[in-house]
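Data first, discussion second: the structure below is written as structure tokens.
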2 protein chains.
Amino acid sequence: MADYLNQLHAPATLKKSMLYSISAGGKRIRPILALAVMESFEKDPLQFLDAVCAIEFVHTYSLIHDDLPSMDNDDYRRGKLTSHKVFGEAQAILAGDALLTESFNLITNNTVLTPEQKVKMISVLSKAAGATGMVGGQVEDLEGENKDLTLQELESIHEKKTGKMLECSVLFGGIASETSDVDLIHLQSYARHIGIAFQIQDDILDVTGNQDDLGKPVGSDEANLKTTYPKILGLDGAKKEMEKHIHISLEHLDKTNGNTGILASIANYIIKRNH
Amino acid sequence: MADYLNQLHAPATLKKSMLYSISAGGKRIRPILALAVMESFEKDPLQFLDAVCAIEFVHTYSLIHDDLPSMDNDDYRRGKLTSHKVFGEAQAILAGDALLTESFNLITNNTVLTPEQKVKMISVLSKAAGATGMVGGQVEDLEGENKDLTLQELESIHEKKTGKMLECSVLFGGIASETSDVDLIHLQSYARHIGIAFQIQDDILDVTGNQDDLGKPVGSDEANLKTTYPKILGLDGAKKEMEKHIHISLEHLDKTNGNTGILASIANYIIKRNH
């Protein structure tokens, strides 16, 4: 990702701000999911790195914009100052805009995918990231602040805000691997359920976690009056709900034709992670 | 464009803010350029309306973000309140993000273009709109504020900030029309020169125009200490420079195999427009 950004003929400050956020760490769960699907279906993941980086570009842009003063107004992300704290608000907005735009260019650049596969990926990515997906989820999230949400409303927000991009990740893997449509549907369901489990664990860690592991203060959801899974279901109820979704995700994996051990490990990692 | 937005399964407030800006008027010069190229090469423009709307989506997103308080901080655009004045800053940022993202989906949706043509368009659009194009130009523009720029620096900013998207528009027309690569290069040069002429006329109108025609106050460039063509070349020098670029653009048109009368009319309209 840094190589791609470094070779761009773009203003130095813009490249610097894009690189800052892309290099700020993070779990890289989305590209890992895409590459793990390729491994599971015996495709060489190295052939599709650029297309897979597109997903991380979109994820990174969404974090930069979510952190802005007019949105969540966060000063720190992963223990580092957020983009607008370092580069100012205008540069942060533009760095996000540029990362989103370049993500589509990354997909077109790939030399192994067919044009049909690229168009399918771009269609999946734009739907997952746009008004019907991630951006729509962020709007619902902002509108749901300081309100008591039902479990259904909470799931609708998370499904859009984070779920769709996780589904997009496994679909990228499936499209690159030329899996059957039935396999694509099971992979998508796997991603949907680990997505919900991931969010429940996020909410649990905000109650039970440790600031050093998380890179951010604990208890911020409660302080921000956010509706969370532990708040609706209790801590034990939330843990059971998470385990239920992991179980369903593994059932979907079993129904595919892939050698999906690595994808099962990712599902189990979600339960055990401490950040 | 409104039809596409109305059918999206997205939060009502998000759709409303996207529709507000898309329906705010404007000259629609970018889609008109693309459709005029198709006419010139005897392709039915109606078959490519969705792909062409993608360009206007990107243009509209860029206006929403440019108007934000941390950027140009404009309260009015085309005589109407800007997005953040109506919907708040967070919604305005997200409406822009969504329009940018949906633009790529619009191209994938077209039922006449081949996957090869779609990938080519997406590549052209992402380069024109991203770090090497429009967003890069906006960064240079912000950095150039309150500085005395040379003619070369001024042209570099405009080339990126507005020129690349005008080039993108004629390239969309050329790709849809399956023109030769030589024709594509001449069309791109035509767009580059009318782009510069367009910007010079913008600067001239800011000195000599009338607030009712423009939908914004005159003299704002001088008030904002912006470097403009009249400031560097004088009013007469700027007019001559504009005419030179229109002349070059018409020469490039003559070298194509198209029936380009309508494109020549667009070039001449730029000189004569009063808003």
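Proteins come first, then strands; the chains are lettered A, B, ... in the order of their sequence lines, and each starts at number 1. Basis for what follows: all heavy atoms, side chains included, without hydrogens, waters or symmetry-related copies.
Residues B:Ile107 and A:Val119 fail the side-chain proximity criterion, which asks for heavy atoms closer than 4.5 Å. Residues A:Glu89 and B:Glu89 form a side-chain contact, since some pair of their non-hydrogen atoms from C-beta on lies under 4.5 Å apart. The side-chain heavy atoms of B:Gln91 and A:Glu143, taken from C-beta on, include a pair separated by under 4.5 Å. Within the 4.5 Å cutoff, the side chain of B:Leu125 has no heavy atoms near those of the A:Phe104 side chain.
Contacts of B:Met18 with chain A are made by side-chain atoms alone, with heavy-atom separations under 4.5 Å and no backbone atom involved. Heavy atoms of B:Leu94 lying under 4.5 Å from chain A belong to its backbone as well as its side chain. The part of B:Leu68 that comes within reach of chain A is its side chain, from C-beta onward, which places non-hydrogen atoms under 4.5 angstrom from that chain.
The most heavy-atom pairs under 4.5 Å with chain A, out of B:Ser17, B:Ser62, B:Gly130, B:Gly137, come from B:Gly130. When each of A:Thr132, A:Leu106, A:Leu8 is scored by its heavy-atom pairs under 4.5 Å with chain B, the top score falls to A:Thr132. Options B:Ala90, B:Gly136, B:Ala98 differ in how many heavy-atom pairs under 4.5 Å they form with chain A, and the most are formed by B:Ala90. Most heavy-atom pairs under 4.5 Å with chain B, from the set A:Ala129, A:Pro69, A:Ser123: that is A:Ser123. Here B:Asp97 is the residue among B:Leu142, B:Leu99, B:Asp97 with the most heavy-atom pairs under 4.5 Å with chain A. Comparing A:Lys120, A:Glu116, A:Lys118 by how many heavy-atom pairs each has under 4.5 Å with chain B, the most go to A:Glu116.
Checking side-chain atoms of A:Glu102 against main-chain N and O of B:Ala131 turns up a donor-acceptor pair under 3.5 Å.
Residue A:Ser126 is tested with B:Asn105, B:Thr101, B:Asn109, B:Thr108 for a side-chain hydrogen bond (donor to acceptor under 3.5 Å, both in side chains); the sole match is B:Asn105.
Other residues, nucleotides and ligands contribute only 12 or fewer heavy atoms inside 6.0 Å of the CD atom of B:Gln152.
Taking CE of A:Met71 as the start and CD1 of B:Ile93 as the end, the distance is 4.5 Å to the nearest 0.5 Å.
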